[in-house]
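Here the structure is laid out as structure tokens; the discussion comes afterwards.
Model, not experiment: these values are computed from the prediction. As a basis for the values below, the full set of heavy atoms in this structure was taken, side chains included, without hydrogen atoms, waters or symmetry mates.
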Amino acid sequence: MESEMKCSISEMWLPTMPKGLQLEISQHPMTMRQVVNLVIALERLKAGRSESVMSTEFRDENLLSIMLDTIVEEQLVIGCTAAPPDEFYRTGMHQCSVADNQKRNFVLNSMELHAVMLQAGSDKRKVFLNMSTYIFNPSSSTEAKPVALCIKDTDLYLSCHMENEMATLHLEEVKDPNRLSNIRAGSDDLRFLFYKRDTGVSLSTLMSARYPNWFISTAKEDNKKVDLCRETSQRYQNFTIHQRQS
């Protein structure tokens, strides 16, 4: 079988080889990949390179270069077939304050966030958030920006959970923040991500990445829990997010 392959390939290409070149196959056995590389290289010798091959300046190094070009191109094609991982990559973090469109701020009440109309002198109750920003690979066509929200000076991150077909907002402790440096799409850690979409000059919505069309929202009544709701809900879903200057 090996000798038949050698003879058939040699006989196939010998009549079409440029004058002065002979084809000799010395490696045994020959794999299909080697055969393909050899065929491609010989096609290149036939197409567009015959003048340089017949030149007196054509040397063994030139033939080797043609063969190596074939092998390198094959490797590049194989590499491109591997799809990049679907991951969110953290790019930065800044402190911010959040107020709904009734000018109510977030305050921490036990293990819940409440929206409260703060009186003069009670600003110290206002909660500041560390907002981590992310990019998605492969990049998404959406204009919304992925973010994670953590209460400043704590390990408490806002997260989403589904209970009885209702998405709810929670404060969840994350001991190692590096765990959220990269978040794979479809993983459980997606519950910490929200899509921040600017809806006006200074207004934004925050939609759960894990549960699309569920938004962070506040109730019409004062001092009620900040939670999630559907876009069609009567709760307040627009927020003013001010970046805090360091």
Side-chain angles (χ1 to χ4, degrees), residues 86-88 90 93-118 125-136 140-152 154-175 177 179-180 183-200 202-243:
D86 295 342
E87 284 188 312
F88 295 86
R90 186 164 58 196
M93 185 181 68
H94 60 265
Q95 291 183 17
C96 63
S97 62
V98 180
D100 66 9
N101 54 8
Q102 300 300 302
K103 301 186 184 303
R104 295 179 300 185
N105 293 105
F106 288 178
V107 299
L108 187 60
N109 186 350
S110 184
M111 283 293 289
E112 294 181 346
L113 283 177
H114 285 214
V116 177
M117 182 70 72
L118 295 176
R125 296 182 59 199
K126 181 193 304 185
V127 164
F128 289 93
L129 300 175
N130 291 330
M131 177 181 286
S132 298
T133 56
Y134 291 78
I135 58 173
F136 183 57
S140 175
S141 60
T142 181
E143 296 179 358
K145 300 176 182 178
V147 300
L149 301 168
C150 174
I151 296 180
K152 178 180 175 291
T154 74
D155 299 324
L156 299 177
Y157 281 77
L158 276 67
S159 67
C160 303
H161 297 265
M162 185 67 71
E163 300 174 359
N164 299 322
E165 298 184 355
M166 292 287 294
T168 55
L169 188 68
H170 297 262
L171 292 177
E172 189 171 342
E173 188 176 37
V174 178
K175 287 292 188 180
R179 160 187 163 189
L180 302 182
I183 298 177
R184 291 189 63 86
S187 71
D188 287 341
D189 285 342
L190 197 64
R191 67 185 183 273
F192 295 106
L193 286 184
F194 300 87
Y195 284 115
K196 176 180 175 290
R197 183 186 298 275
D198 297 332
T199 59
S202 59
L203 294 177
S204 303
T205 59
L206 294 164
M207 185 185 74
S208 169
R210 188 173 189 179
Y211 305 112
N213 299 319
W214 287 89
F215 295 81
I216 293 180
S217 62
T218 58
K220 290 185 176 182
E221 300 81 12
D222 193 43
N223 199 15
K224 296 295 183 180
K225 182 179 182 291
V226 180
D227 215 330
L228 297 176
C229 73
R230 291 284 193 180
E231 188 174 12
T232 55
S233 172
Q234 298 301 309
R235 292 168 62 90
Y236 299 117
Q237 302 168 34
N238 289 293
F239 298 94
T240 302
I241 301 176
H242 287 298
Q243 183 171 342

Q | Distance, nearest 0.5 Å, that separates OG1 of Thr133 from CZ of Arg90 | A | 9.5 Å

Q | Partner residues of Asp227 under the side chain to side chain contact (heavy atoms under 4.5 Å, CB included) criterion, sequence neighbours left out | A | Thr168, Leu169, Lys225, Arg235

Q: List in chain and number order the residues that pass side chain to side chain contact (heavy atoms under 4.5 Å, CB included) with Thr240, two or more places apart in sequence or in another chain; answer none if no residue qualifies.
A: Leu203, His242

(Q) Take a 6.0 Å sphere around CD of Gln234 and say whether it holds more than 12 heavy atoms from other residues, nucleotides or ligands. (A) no

Q. Between CZ of Phe194 and CE of Met131, what distance do you get to the nearest 0.5 Å?
A. 10.0 Å

Q: List the atom of Ser233, the atom of Gln237, and the distance in Å for their closest heavy-atom pair.
A: O-NE2, 3.5 Å

Q: For residues Leu113 and Leu158, determine if any side-chain heavy atom of one lies less than 4.5 Å from a side-chain heavy atom of the other.
A: yes

**Q.** Sequence-distant partners of Phe88, ring-ring contact (aromatic ring centres under 6.0 Å, His included), two or more places apart
**A.** Phe136

**Q.** Spacing of CG belonging to Asp86 relative to OG belonging to Ser187, to within rounding of 0.5 Å
**A.** 11.0 Å

Q) Who passes salt bridge (charged side-chain N to carboxylate O under 4.0 Å, His left out) against Lys175, sequence neighbours left out? A) Glu173

Q. Do Phe215 and Ser208 come close enough that some side-chain heavy atom pair is under 4.5 Å?
A. no

Q) What residues, two or more places apart in sequence or in another chain, satisfy salt bridge (charged side-chain N to carboxylate O under 4.0 Å, His left out) together with Glu165? A) none

Q: Evaluate the side-chain proximity of Asn130 to Leu149: yes if any heavy-atom separation is below 4.5 Å, no if none is.
A: no

Q. Mind checking whether Trp214 and Met166 have side chains closer than 4.5 Å, heavy atoms only?
A. yes

**Q.** Partners passing side chain to side chain donor-acceptor pair (under 3.5 Å) against Thr199 (at least two apart in sequence or in another chain)
**A.** Asn238

Q) With a 4.5 Å limit on heavy-atom distance, are the side chains of Arg197 and Met207 in contact? A) no

Q. Taking 4.0 angstrom as the limit, do Asp189 and Arg179 come out as a salt bridge?
A. yes

Q | Set of residues satisfying side chain to side chain contact (heavy atoms under 4.5 Å, CB included) with respect to Leu118, sequence neighbours excluded | A | Asn105, Val107, Val116, Ser122, Asp123, Arg125, Lys126

Q) Would you say Tyr211 and Met162 make side-chain contact, with heavy atoms under 4.5 Å? A) yes

Q. Among all residues two or more places apart in sequence or in another chain, which pass the salt bridge (charged side-chain N to carboxylate O under 4.0 Å, His left out) test with Arg104?
A. Asp100

**Q.** Interatomic spacing from CG in Asn213 to SG in Cys229 - rounded to 0.5 Å
**A.** 11.0 Å

(Q) With rounding to the nearest 0.5 angstrom, report the OH to OG distance, Tyr157 to Ser159. (A) 12.0 Å

Q. Quick check: are there more than 12 heavy atoms from other residues, nucleotides or ligands sitting under 6.0 Å from CD of Glu231?
A. no

Q: Not counting sequence neighbours, which residues clear salt bridge (charged side-chain N to carboxylate O under 4.0 Å, His left out) with Glu172? List them please.
A: Arg191

Q) Which pair of non-hydrogen atoms, one from Met111 and one from Leu156, has the smallest distance, and what is that distance? A) CE-CD2, 3.8 Å

(Q) Strictly by ring-ring contact (aromatic ring centres under 6.0 Å, His included), give each pair with a member in residues 218-241 just once, sequence neighbours left out. (A) Phe106-Phe239

Q.
Using the side chain to side chain contact (heavy atoms under 4.5 Å, CB included) criterion, which residues pair with Ser204? Sequence neighbours excluded.
A. Lys196, Asp198, Ile241

Q. With side chains defined as the heavy atoms from C-beta onward, is the minimum distance between Val174 and Asp155 less than 4.5 Å?
A. no

Q: Just jot down the ring-ring contact (aromatic ring centres under 6.0 Å, His included) partners of His170, sequence neighbours excluded, or say none.
A: His161

